[in-house]
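Here, residue 1 is the first one in the sequence, and each next residue gets the next number. Below, each value reflects all heavy atoms present in this structure, side chains not excepted, and no hydrogens, waters or symmetry copies.
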Amino acid sequence: MFIFSKKISSRRVANFKNNRRGLWSFYIFFALLCFTMPAEFIANDKPILVKQDNRYFFPTFVNYPETEFGGDFQTSADYRDPYVAELINEKGWMIWPIIPFSYKTINYNLKSPAPSPPNYENWLGTDDQARDVLARLIYGFRISIIFAFFLTISSSIIGIFIGAIQGFFGGITDLLGQRFLEIWSGIPVLYLIIIIGSIITPSFWSLLFLLLLFSWMTLVGLVRAEFLRARNFDYVKAARCLGMTNRRIMLKHILPNAMVSTITFLPFIMAASITTLTSLDFLGFGLPPGSPSLGELLNQGKNNLHAPWLGITGFITIGITLTLLVFIGEAFRDAFDPRKINL
């Protein structure tokens, strides 16, 4: 039976910390998450806080018209417009983010044609549409992590459920499940997404759903093997003799054991999800056009070889992200390795 105690938990934490590479990778990855999640407060073409005539405005959350600050138009205020900025600064002040550009902000004051090289205003330069690369990188990293997180959690839940059903009941259920997996895994996913992408414009959720249709198979084999192995253990037979239902046996006795090996795979699945999204965006079949994306940044680097900062930025970002996730996965593997836990 799966044993959970403070002693085992403390040893797992200690094993995780003993993997210094994985521990520091976790710290770095967590710091990147904390930096990019509030992206609107880090990189935005709207001030964080505006004060005018003893009134406070929060443009990040509320879309104010220009007339609110004494302008002439009912349209949304452009805080980068010198006229609007002068109206506000005459009777107040503005607090800007560190990077005064959003992922879609076009810089019309470039000193060289786009894509322009890095300078004091655009720290990583601009792309071929005069948009700040660093701002798009921050938003693109956040979207990639959120997308990979949802895809990893959703596919893991479905994969664990199907693998558990196959492994616990076995027989005809397992046979039919395996034949379905063989057929389903043979479908060319990339071609299917390209065909669907040519008919409709994929959005975040539709693309997530399409990839979820196939990514759930990753954990099925692992969970199925754990349930096949554990269903004949003595404590499972004893639970049956005591009249415990199959559902309770699966959830209370077998699933916790299967989760030990499953959890170690989650960082690797997340890394694969980021790679898949980046590949689709690079080919032009991912997120809608204009969305901040690491794959789109790589594609711009390919199309603008005379602007090496585009390709180098995208390559370094993806390389570091995947490396951190792999190292974190190795640390999780060491933490849950039963050979390193002495009861």
Side-chain angles (χ1 to χ4, degrees), residues 2-39 42 123-124 133-134 137-157 159-160 215 218-219 221-223 225-226 256-279 281-282 293-295 297-298 301 309 311-343:
F2 178 76
I3 301 176
F4 180 83
S5 65
K6 291 183 179 180
K7 182 179 178 180
I8 294 180
S9 299
S10 61
R11 287 188 177 273
R12 284 173 176 163
V13 173
N15 288 336
F16 184 88
K17 292 181 177 180
N18 287 336
N19 190 320
R20 306 299 297 178
R21 185 173 59 185
L23 179 64
W24 280 104
S25 297
F26 177 79
Y27 288 153
I28 295 173
F29 187 76
F30 183 75
L32 291 175
L33 281 181
C34 294
F35 178 74
T36 56
M37 284 304 167
I42 304 297
W123 299 345
L124 293 180
V133 172
L134 181 55
L137 183 64
I138 293 173
Y139 282 88
F141 180 84
R142 183 177 69 172
I143 287 181
S144 298
I145 297 301
I146 293 176
F147 184 90
F149 177 79
F150 277 112
L151 183 60
T152 300
I153 297 301
S154 303
S155 60
S156 298
I157 292 175
I160 290 172
S215 62
T218 305
L219 291 177
L222 176 64
V223 178
E226 289 290 337
N257 288 289
M259 289 301 296
V260 171
S261 56
T262 301
I263 290 176
T264 62
F265 275 82
L266 295 184
F268 301 105
I269 297 175
M270 192 168 181
S273 301
I274 294 176
T275 304
T276 302
L277 178 63
T278 302
S279 303
D281 288 333
F282 179 80
S293 166
L294 301 179
L297 183 59
L298 287 177
W309 57 88
I312 292 175
T313 300
F315 173 78
I316 292 177
T317 303
I318 295 173
I320 291 177
T321 303
L322 298 182
T323 301
L324 292 176
L325 287 173
V326 170
F327 289 162
I328 293 172
E330 291 179 351
F332 271 110
R333 182 188 61 192
D334 292 344
F336 287 91
D337 190 346
R339 295 171 297 180
K340 296 184 179 182
I341 299 179
N342 298 318
L343 298 177

Once you round to the nearest 0.5 Å, how far does CG of L134 lie from OG1 of T313? 8.5 Å
Could you measure the distance from the CZ atom of F265 to the CG atom of L222? Nearest 0.5 Å is fine. 5.5 Å
For a 4.5 angstrom cut-off between non-hydrogen side-chain atoms, does I274 reach T321? yes
Let me see the working for I145 and L33 under side chain to side chain contact (heavy atoms under 4.5 Å, CB included), right down to the final yes or no. CA-CA 8 Å; I145 297 301; L33 281 181; 3.4 Å; yes
Restricting to side-chain contact (heavy atoms from CB on, under 4.5 Å), what partner residues turn up for F282, sequence neighbours left out? L298, N299, K302
With sequence neighbours excluded, tell me which residues meet side chain to side chain donor-acceptor pair (under 3.5 Å) with R142. E40
Point-to-point distance, once rounded to the nearest 0.5 Å, from CD1 of I143 to CD1 of I138: 12.5 Å
Sorted by chain and residue number, the side-chain contact (heavy atoms from CB on, under 4.5 Å) partners of V326 (sequence neighbours excluded) come out as F268, E330
Side chains of L151 and S215: closer than 4.5 Å at any heavy-atom pair? yes
Tell me if the CZ atom of F16 is crowded by more than 12 foreign heavy atoms within 6.0 Å. yes
Side-chain atoms of residues 22-29: list all donor-acceptor pairs with protein atoms under 3.5 Å, sequence neighbours left out, distances to 0.1 Å.
unit_1, atom_1, unit_2, atom_2, d
S25, OG, R21, O, 2.7

So, for Y139 and A39, which heavy atoms are closest and what is the spacing to 0.1 Å? OH-O, 3.5 Å
For the student: nearest non-hydrogen atoms of G295 and D281, plus distance: CA-CB, 3.8 Å
Measure the CD1-CH2 distance between I316 and W309 for me, rounded to the nearest 0.5 Å. 14.5 Å
Minimum heavy-atom separation for N15 and D334, please, with both atom names. CB-O, 3.8 Å
Can you name the nearest heavy-atom pair linking S144 to L277, along with the distance? CA-CD2, 4.0 Å
If we only count heavy atoms from C-beta on, is the L297 to T317 side-chain gap below 4.5 Å? no
In Å, rounded to the nearest 0.5 Å, how long is the span from CG of L32 to CG of L324? 6.5 Å
Considering only residues two or more places apart or on different chains, which pairs with a residue in residues 261-278 satisfy salt bridge (charged side-chain N to carboxylate O under 4.0 Å, His left out)? none
Please find the pair of heavy atoms, one from I146 and one from M37, that lie closest to each other, and give the distance. CG1-CE, 4.0 Å
If I take atom OG from residue S154 and atom CZ from residue F149, how far apart are they, to the nearest 0.5 angstrom? 9.0 Å
Taking all atoms of both residues into account, what is the closest heavy-atom pair of V223 and I160, and its distance? CG1-O, 3.6 Å
Who passes side-chain contact (heavy atoms from CB on, under 4.5 Å) against T275, sequence neighbours left out? S279, L322
